[in-house]
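For ligands, and for the atoms within them, numbers begin at 1 and follow the listed sequence. FYI, side chains are in, hydrogens and waters are out, and symmetry mates aren't considered; it's all heavy atoms of this structure.
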Amino acid sequence: MIEGSSGEWEVVIGLEIHAQVISKAKLFSGAPTTFGAKPNSQVSYVDMAMPGMLPVINDYCVEQAVRTGLGLKAKINLVSVFDRKNYFYPDLPAGYQISQYKQPIVGEGEVTIDLADGTVRRVGIERLHLEQDAGKSLHDRRPDATFIDLNRSGVALMEIVSKPDLRGSEEAGAYLRKLRSILRYLGTCDGNMEEGSLRCDVNVSIHRMFEPFGTRTEIKNVNSIRNVIRAIDYEAERQVEVVESGEEIVLETRLFDANKGETRSMRSKEEAHDYRYFPDPDLLPLELDGEWVERIKESLPELPDEKKERFMSEYGLSVYDAGVIVADQEVAGFYESLAEGRDPKQAANWLTGDFFGFLNKQGLTIERSPISAAALGELIDLIADGTISGRIAKEVFELMCAEGKNAGAIVEEKGLKQVSDAGTIEAIVDRVLEEQADKLAQYKAGKEKLFGFFVGQVMKASRGKANPRKVNDLLKELLDGPES
Ligand code: ADP
Ligand code: MG
């Protein structure tokens with residue numbers, strides 16, 4: 001919702017995502033697809049559109065699209081058609097892109113998004129179709145020339161189109177994160193927005209609640225989730241200003257300038273291309289075998305939503321913790337090893353607290369973590385069996401991060417074992433009470449708040465090593481007398 005000068009406006013968003021298929025070869029040629037290769041080193045005659053070259057469908061890419069469709073709980077169309085989308089641009093040597101138009105391989109589906117306030121919303125998927133990527137124009141090599149790199153030409157993309165079901169930038173961000181997580185679980189797209197394997201066109205409009213949708217604008221190729229959110233916030237505000245000043249929104253394509261944080265007009269839809277789609281005569285309609293689709297369905301991994309449900313029921317995790325942990329498959333796997341045979345809540349707290357903090361600080365992903373689930377588990381075990389206190393454990397964890405040693409060795413070496421021996425603790429308590437005779441008198445006179453102060457002093461005197469529960473019990477006994 002946006003508060004304009006004339007009342008509230010609802011923001012409506014639909015996203016078109018281009019997701020690069022994980023595949024060693026291109027959609028219609030055998031050329032490789034490695035990211036960052038030398039320009040024009042991964043180009044076959046098909047990709048450069050040499051006369052007489054014919055496309056041959058890569059069935060692995062088809063399988064990836066079907067797998068994605070199934071992961072989006074979508075209808076798989078057993079017959080789909082490849083069309084030519086005609087336009088002229090230097091990075092498109094054939095003069096057309098092979099895409100799917102009226103009959104895409106995947107129809108309607110849905111993605112569930114989890115919002116910060118705990119609510120869950122369903123976002124409709126309109127369709128998913130397969131298409132080729134174009135090449136790339138390089139304008140920054142020489143001031144007087146543009147170069148063309150065709151490495152990307154012909155790489156398989158899945159265009160995933162959402163329904164206009166998103167309301168506001170937060171939902172759009174949640175949708176993108178969730179979709180990326182599902183693609184990564186499925187192993188069909190690496191979701192890397194920096195490398196361009198996930199690109200996003202954002203459609204934005206505003207309207208009054210319960211009234212028809214307004215005219216949308218489309219913001220092309222936004223390259224990070226953060227920028228998607230910024231672009232929507234800017235664009236929605238701009239539209240409110242335009243409409244409230246009595247003017248109309250024009251259907252147009254806009255660009256987001258990340259430096260200025262604003263969108264600007266690129267071309268109006270009137271100048272938009274007429275693509276003259278028609279079925280590609282070089283390719284037969286794509287026919288899938290229903291049993292083959294079934295087999296792919298049976299091979300799908302447990303996806304984030306199901307995993308989240310299971311983590312909540314099996315480990316008793318909160319919606320929030322479960323959501324954070326299942327967002328990344330590696331993290332979820334790490335958690336399951338960590339929780340095995342341990343207190344699951346404790347495991348979740350260490351994982352999402354100190355351990356994530358460490359990874360963030362070091363800029364590491366969990367795959368590259370020098371601290372394994374077993375090593376973190378050892379630390380948790382030392383707390384559970386009373387060898388160290390929770391507070392000392394934080395210290396030990398810091399040392400594990402800094403020195404790369406395991407928890408047991410650090411505790412041994414630095415003499416950090418928790419003191420639970422009654423005699424030793426009693427001696428410390430006695431000394432503290434003696435030193436704090438005036439506070440003790442105040443306590444006896446009724447200032448019961450001071451109890452915490454005594455606990456703190458004893459812990460400090462033991463350099464954090466005294467077992468806090470024992471300290472509490474002993475102090476209670478000494479100060480208040482045995483429980484009746
Ligand atoms: P086009 O083919 O011109 O891109 P589509 O009807 O296929 O148009 O819509 C493309 C995207 O725009 C979809 O993601 C859809 O959800 C979104 N969209 C459609 N209408 C609106 C609207 N009024 N406001 C925001 N997004 C919209
Ligand atoms: Mg569009």
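Residue G214 approaches ligand 1 through these ligand atoms, each under 4.0 Å from one of its heavy atoms: 23 (N). The contact set between ligand 1 and F213, taken as ligand atoms under 4.0 Å from a residue heavy atom, comprises 23 (N). The K163 neighbourhood of ligand 1 comprises atoms 16 (O), with distances under 4.0 Å to a heavy atom of that residue. Short contacts between ligand 1 and V12, defined as distances under 4.0 Å to a heavy atom of the residue, involve ligand atoms 24 (N), 25 (C).
Polar contact with ligand 1: absent for I13 (N/O pair, distance under 3.5 Å). Residue S205 has at least one N or O atom closer than 3.5 Å to an N or O atom of ligand 1.
Heavy atoms of R216 found under 4.0 angstrom from ligand 1 belong exclusively to the side chain. Contact annotation for L15 and ligand 1: only backbone heavy atoms (N, CA, C, O) come within less than 4.0 Å of the ligand. In V161, the part holding a heavy atom less than 4.0 Å from any atom of ligand 1 is the side chain.
At a threshold of 4.5 Å between non-hydrogen side-chain atoms, the residues D59 and I57 do not count as touching. Looking only at side-chain heavy atoms (C-beta outward), P32 and K24 stay at 4.5 Å or farther from each other. Residues F28 and L283 meet the side-chain proximity criterion, which asks for heavy atoms closer than 4.5 Å. Residues S153 and D91 fail the side-chain proximity criterion, which asks for heavy atoms closer than 4.5 Å.
Each of L176, V120, T119, L166 was compared with I113 under the side-chain contact (heavy atoms from CB on, under 4.5 Å) criterion, and only L166 meets it.
Every pair tested for side-chain hydrogen bond (donor to acceptor under 3.5 Å, both in side chains) that includes a residue from residues 283-298 fails, sequence neighbours excluded, so the list is empty.
In this view, Y277 and D83, K85, Y101, Y275 satisfy the side chain to side chain contact (heavy atoms under 4.5 Å, CB included) rule, not counting sequence neighbours.
The option with the heavy atom closest to atom 4 (O) of ligand 1, from among E16, H207, R127, is E16.
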